[in-house]
Each structure stands twice: as structure tokens, then as C-alpha cells.
Amino acid sequence: MGDLVKTVAQTNSREKSCVDIHCDCNGMWSIVQQFSTIRLCELLGRGKGKILQAYSTRAKRIAATYARFYLESEDGGNSDLKGRHYWMALGAFASKTVACSLDMLRVEMLQTVFQGLAKGNLWLFYDISGWHYYYNKYPQSFDLCVDQRNAARYLKPVQAQMNFYPWKDEALPKIKNMSECTHIKRAFQKTKEFETQKNPSKRPAIQMANLLAIADHEQGVILQPLIYEDPDFCKWVERQRCVLIQWASPDLQLVFSHACDTKNALRKSIAPDDTVLENLKSRMAWITAAANRFHHLMQTESAYMENELNTIAGWVNLSDAGLETDPVFAPPF
């Protein structure tokens with residue numbers, strides 16, 4: 001595989017001089033996409049510049065990135081505004097849960113489920129991290145450019161990088177080249193409301209509205225067309241409801257801990273027995289219940305939840321060997 005993090009662009013050739021560079025929205029989105037590319041690459045060693053190969057390592061790095069966005073420790077973050085990216089905290093626990101599933105031998109044996117979980121986790125990250133990174137780094141032009149994201153129009157060097165994204169040819173058409181932003185605009189309107197709301201008692205409701213808007217995007221715009229409407233994946237999800245093969249499928253639960261499970265029943269959400277996972281309405285009913293459990297914990301056990309998120313954030317430099325690499329590199333722009 002080629003070097004994903006290498007960029008190609010015209011630069012000023014005169015030493016010790018400056019030149020103004022004017023980017024249109026497509027240029028800005030092309031720059032933003034490189035953040036998502038680099039975050040899932042090996043940073044050191046023989047595999048430097050190549051995408052991580054272990055699905056669970058990718059999911060852990062993704063979980064770490066989401067946690068960092070919530071904690072405002074990501075590039076462009078602002079510690080005074082911690083809490084504005086509320087879905088990201090829930091997303092960190094969700095991606096950690098995916099990582100735990102991908103590490104299960106019984107799940108790996110079901111390749112359709114194994115590949116589907118990895119694909120959904122990866123492409124949700126490529127989509128959702130971009131919206132948040134743009135908002136953090138370039139807030140002045142976010143509203144101007146939010147409607148103009150389209151991976152099919154990215155600059156050629158960035159499109160060349162994206163050719164190395166797994167499942168790219170299948171995924172991009174299904175998720176409309178990451179251009180759909182109806183729920184995203186609603187979510188970031190709530191982000192702005194949070195930023196300007198000085199009454200602490202009114203902030204939790206704004207946070208929950210942000211979370212649910214992103215959840216609508218996550219589930220309806222990305223995961224539903226990408227994996228739940230895939231005939232093979234859908235077939236296995238249907239079979240999962242058969243008691244005889246449930247032992248081989250990942251547990252339908254969301255655990256609010258950096259660990260894969262907890263004995264504390266109040267710190268996890270288990271899907272109701274009648275959940276039809278491939279049905280968006282049925283799945284969203286459970287996700288809404290899980291979000292309410294999460295929201296309650298964030299309000300009543302904030303120290304515990306933040307400690308867990310800090311632990312997850314520490315996975316941001318995991319390598320395929322399961323080792324920490326150097327501190328996270330900033331994108332070269």
C-alpha cells in the first residue's frame with residue numbers, strides 16, 4: 001500500500017518569502033479529510049504512513065479521537081467549551097464497544113458480521129470526524145462550507161489518498177460522498193447554543209439535542225445504507241435473533257467503561273429482546289434509551305465518566321502491535 005500521509009501540492013518556491021493561498025470550500029474539505037486519513041495511519045516503523053490493519057486497533061483509535069473531541073484535547077479544541085461535542089463522548093464508548101466485539105474470536109468467525117462492523121465503524125469515523133474537525137479548526141467558514149462537502153470533488157492528491165481507504169468504492173456511493181448534512185447542521189446549531197449559554201442548568205438539554213441530531217445522522221445517513229441494508233449483513237443480523245446461533249454474535253450492549261464489560265448494571269445499556277437491529281426505527285428506540293442512560297451518568301457520575309473517557313483518549317497512538325507510539329502528530333498543514 002502506498003504512503004497515505006504524503007501530500008502533493010504546489011508551494012512557494014522562493015526561499016524565505018510568503019505567498020497568500022486562497023482555498024475554496026472544496027479545498028478546505030480536502031484539507032480536513034487529511035486529518036481523518038492520518039489519524040488511522042501507522043506513525044512509526046516499517047508500516048509508517050499506511051492504514052492500520054487490525055480492525056480493533058482502528059476502532060480503539062477512533063474511540064480515542066471521539067473522546068479527545070469531547071474532552072477538547074483534539075487539535076483546535078477549547079477547554080473552556082468542554083461539553084459542546086456531546087455525541088463524541090457517547091461515540092467514544094460505542095467505538096470502544098465495537099473494538100471489543102472485533103476482538104472476539106466468535107465474531108471473527110462470522111466474517112460477514114466482522115467485516116460489516118469494521119466497515120461501519122471506519123466510514124462513520126471518516127464522515128463524522130471531518131465535520132467536527134472543520135468546526136474546531138476553521139469555524140469562520142464552517143457555515144459557508146457545510147453544504148459543500150463532497151468527496152467526489154476533493155482535490156486530486158486527497159482523492160488519491162482516499163483510494164487506499166478500505167471499502168471506498170462500495171461505501172462512498174451509499175453515504176452520498178459524505179455530502180448529506182441535514183442532521184449535522186441541526187447538531188452544530190446546538191453546539192453553538194451550548195457555547196453561548198451561560199446558565200449551566202440549561203446546558204444539559206442542549207447537549208442532549210446535539211447528541212440526538214448526530215445519532216440521527218450516524219444511524220440513518222451512514223450506518224443504515226452502508227451496513228444494515230446490505231443483504232448479507234442483514235441476513236446475519238436476522239439470524240442473530242435465533243437462540244441457536246446467538247452465542248456466535250456480539251452482545252447487543254453499550255458499556256460505559258473503558259473495559260469491555262462491567263458488573264454494574266447501571267453503567268451499561270442492553271438492547272431489549274425485541275430489538276430488530278436492522279430496522280432503523282427499532283434500533284433508534286434502543287439507542288435513545290442508551291443515550292438517556294449515558295446522559296444520566298454524565299450528570300450524576302461526571303467524575304467517573306470523564307475518567308473513563310480520559311483512559312480511552314489515551315489509545316490515540318496505539319499501533320497494530322498494541323503498543324503506544326510517539327505523541328500524536330499534527331497534520332502537515
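For this chain, numbers begin at 1 and follow the sequence in order.
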K.L.:
Does the distance from a Lys or Arg side-chain N to an Asp or Glu carboxylate O, for E74 and R39, drop under 4.0 Å?
P.N.:
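Yes.
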K.L.:
With sequence neighbours left out, write down each residue that passes side chain to side chain donor-acceptor pair (under 3.5 Å) with Y126, or none if nothing qualifies.
P.N.:
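By the side chain to side chain donor-acceptor pair (under 3.5 Å) rule, Y126 matches no residue at all.
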K.L.:
Examine the side chains of N150 and S179 and answer whether a donor and an acceptor come within less than 3.5 Å of each other.
P.N.:
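No, S179 and N150 have no side-chain donor paired with an acceptor closer than 3.5 Å.
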K.L.:
Taking the side chain as every heavy atom from C-beta outward, state whether L277 and S282 have any pair of such atoms under 4.5 Å apart.
P.N.:
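No - every pair of side-chain heavy atoms lies 4.5 Å or more apart.
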K.L.:
Would you kindly say whether N264 and T262 are connected by a side-chain donor-acceptor distance under 3.5 Å?
P.N.:
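Side-chain D/A pair, N264 to T262: absent.
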K.L.:
Tell me whether R68 is salt-bridged to D75, with the criterion being a basic N under 4.0 Å from an acidic carboxylate O.
P.N.:
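Judged by the 4.0 Å cut-off on N to carboxylate O distance, R68 and D75 do not form a salt bridge.
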K.L.:
To the nearest 0.5 Å, what is the distance between CG (L102) and NZ (K60)?
P.N.:
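Between L102 CG and K60 NZ, I get 10.0 Å after rounding to 0.5 Å.
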K.L.:
Going by heavy atoms in the side chains, are Y86 and F294 under 4.5 Å from each other?
P.N.:
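A side-chain contact under 4.5 Å exists here.
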K.L.:
Is NZ or CZ of R267 both nearer than 6.0 Å to the six-membered ring centre of F256 and within 45° of the ring axis?
P.N.:
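Geometry flag: not set, cation outside 6.0 Å or 45°.
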K.L.:
Would you confirm whether the ring centroid of F93 sits within less than 6.0 angstrom of the ring centroid of H258?
P.N.:
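Ring centroids of H258 and F93 are no less than 6.0 Å from each other.
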K.L.:
What I'd like to find out is whether the side chain of R61 reaches to under 4.5 Å of the side chain of L52, using heavy atoms alone.
P.N.:
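Yes, side chains in contact.
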K.L.:
Does Y138 share a hydrophobic cluster with M88, counting links as ILVMFWY side-chain heavy atoms below 4.5 Å and allowing steps through other members?
P.N.:
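Looking at the clustering, M88 is in the same group as Y138.
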K.L.:
Can you name the residues that form a ring-ring contact (aromatic ring centres under 6.0 Å, His included) with F114, not counting sequence neighbours?
P.N.:
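In terms of ring-ring contact (aromatic ring centres under 6.0 Å, His included), with neighbours along the sequence ignored, F114 is linked to Y55.
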K.L.:
Quick one: side chain to side chain contact (heavy atoms under 4.5 Å, CB included) partners of K119, sequence neighbours excluded?
P.N.:
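Once residues adjacent in sequence are excluded, the partners of K119 under the side chain to side chain contact (heavy atoms under 4.5 Å, CB included) criterion are W123, W167, E170, L226, I227.
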K.L.:
Could you check whether any side-chain N or O of E42 sits under 3.5 Å from a backbone N or O of S319, counting only pairs where one atom can act as donor and the other as acceptor?
P.N.:
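Answer holds: no.
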K.L.:
Can you list everything that forms a salt bridge (Lys or Arg N to Asp or Glu O under 4.0 Å) with E229? Sequence neighbours excluded, please.
P.N.:
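Expected list: none.
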K.L.:
Going by salt bridge (Lys or Arg N to Asp or Glu O under 4.0 Å), name the residues that satisfy it together with D232, two or more places apart in sequence or in a different chain.
P.N.:
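Residues passing salt bridge (Lys or Arg N to Asp or Glu O under 4.0 Å) with D232: none at all.
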K.L.:
For a 4.5 angstrom cut-off between non-hydrogen side-chain atoms, does I175 reach V221?
P.N.:
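They are not in contact (no side-chain heavy atoms under 4.5 Å apart), so the answer is no.
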K.L.:
Checking S141 now: which residues fulfil side chain to side chain donor-acceptor pair (under 3.5 Å) with it, not counting sequence neighbours?
P.N.:
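Partners of S141 by the side chain to side chain donor-acceptor pair (under 3.5 Å) criterion, ordered by chain and then number, come out as Y134.
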K.L.:
Kindly indicate, with the supporting measurements, whether the criterion side chain to side chain contact (heavy atoms under 4.5 Å, CB included) is fulfilled by D216 and R186.
P.N.:
CA-CA 10 Å; D216 283 338; R186 180 161 53 95; 3.0 Å; yes
K.L.:
If the condition is side chain to side chain donor-acceptor pair (under 3.5 Å), which residues does R283 pass it with, not counting sequence neighbours?
P.N.:
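Listed in chain order: Q219, Q224.
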K.L.:
Taking all non-hydrogen atoms of both residues, which atom of K168 and which atom of P173 are closest, and how far apart?
P.N.:
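Looking at all heavy atoms of both residues, the shortest contact is O-CD, 4.2 Å.
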K.L.:
Of all the heavy-atom pairs spanning L212 and A291, show the shortest one and how long it is.
P.N.:
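In this case the closest contact between L212 and A291 is CD2-CB, 4.5 Å.
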K.L.:
List the residues meeting ring-ring contact (aromatic ring centres under 6.0 Å, His included) with H183, not counting sequence neighbours, and say none if there are none.
P.N.:
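Scan of H183 (ring-ring contact (aromatic ring centres under 6.0 Å, His included), adjacent residues dropped) gives none.
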K.L.:
Tell me, do L280 and M284 make a side-chain contact under 4.5 Å, heavy atoms counted?
P.N.:
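Yes; the side chains approach each other to less than 4.5 Å.
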K.L.:
Please tell me whether Q197 and E193 have a donor and an acceptor in their side chains that are separated by less than 3.5 angstrom.
P.N.:
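No - no donor-acceptor pair under 3.5 Å links their side chains.
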K.L.:
For E72, give me all partners under salt bridge (Lys or Arg N to Asp or Glu O under 4.0 Å), at least two apart in sequence or on another chain.
P.N.:
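Per chain and number, E72 pairs via salt bridge (Lys or Arg N to Asp or Glu O under 4.0 Å) with R84.
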K.L.:
Is it true that E278 and K235 make a salt bridge, defined as a side-chain N closer than 4.0 Å to a carboxylate O?
P.N.:
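A salt bridge is absent here (no side-chain N lies under 4.0 Å from a carboxylate O).
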K.L.:
Would you tell me whether E180 and T182 have side-chain atoms, one donor and one acceptor, within less than 3.5 Å of each other?
P.N.:
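The criterion, which ignores hydrogens and geometry beyond distance, is satisfied for T182 and E180.
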K.L.:
Got a sec, which residues hit side chain to side chain donor-acceptor pair (under 3.5 Å) with W29, two or more places apart in sequence or on another chain?
P.N.:
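By the side chain to side chain donor-acceptor pair (under 3.5 Å) rule, W29 matches no residue at all.
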K.L.:
Tell me every residue that passes salt bridge (Lys or Arg N to Asp or Glu O under 4.0 Å) with R153, counting only those two or more places apart in sequence or in another chain.
P.N.:
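R153 satisfies salt bridge (Lys or Arg N to Asp or Glu O under 4.0 Å) with no other residue.
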K.L.:
With respect to Y165, which candidate in L40, T37, L172, L122 satisfies the side chain to side chain contact (heavy atoms under 4.5 Å, CB included) definition?
P.N.:
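Result for side chain to side chain contact (heavy atoms under 4.5 Å, CB included) with Y165: T37.
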K.L.:
Do D127 and H217 have side-chain atoms, one donor and one acceptor, less than 3.5 Å apart?
P.N.:
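The criterion, which ignores hydrogens and geometry beyond distance, is satisfied for H217 and D127.
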K.L.:
What's the shortest heavy-atom distance between Q159 and A152, and which atoms?
P.N.:
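Nearest pair, atom of Q159 first, then A152: NE2-O, 3.0 Å.
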K.L.:
Answer yes or no: is there a side-chain heavy-atom contact under 4.5 Å between P166 and R58?
P.N.:
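When only atoms from C-beta onward are counted, R58 and P166 do touch, with a gap below 4.5 Å.
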K.L.:
So E308 and N310, do their side chains get closer than 4.5 Å, heavy atoms only?
P.N.:
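Sidechains of E308 and N310: no contact.
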K.L.:
Taking side chain to side chain contact (heavy atoms under 4.5 Å, CB included) as the definition, give me every residue that meets it alongside I270, ordered by chain and number, with sequence neighbours left out.
P.N.:
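Listed in chain order: Q253, K268.
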K.L.:
Rounded to the nearest 0.5 Å, how far does OG of S269 lie from CH2 of W286?
P.N.:
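Between W286 CH2 and S269 OG, I get 6.0 Å after rounding to 0.5 Å.
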K.L.:
Starting at OH of Y304, measure out to CG of L309 and round the result to the nearest 0.5 Å.
P.N.:
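Taking OH in Y304 and CG in L309, the distance rounds to 9.5 Å.
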K.L.:
Is there a path of hydrophobic side-chain contacts, each under 4.5 Å between heavy atoms, that joins V255 and L252?
P.N.:
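Different hydrophobic clusters.
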K.L.:
Could you tell me whether the side chain of F233 reaches within less than 4.5 Å of the side chain of Q115, counting heavy atoms only?
P.N.:
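A side-chain contact is absent here, since even the closest heavy-atom pair is not under 4.5 Å.
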K.L.:
Under 3.5 Å, is there a donor-acceptor pair linking the side chains of H85 and N136?
P.N.:
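Looking only at side-chain atoms, N136 and H85 do form a donor-acceptor pair, the distance falling under 3.5 Å.
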K.L.:
Look up atom CD in Q161 and atom OH in Y154, then write down how far apart they are to the nearest 0.5 Å.
P.N.:
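Answer for the CD-OH pair, Q161 versus Y154, is 11.5 Å.
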K.L.:
Carefully, step by step, assess Y66 and W87 under the rule ring pair (Phe, Tyr, Trp, His ring centres under 6.0 Å).
P.N.:
CA-CA 9 Å; Y66 292 163; W87 179 92; 5.2 Å; yes
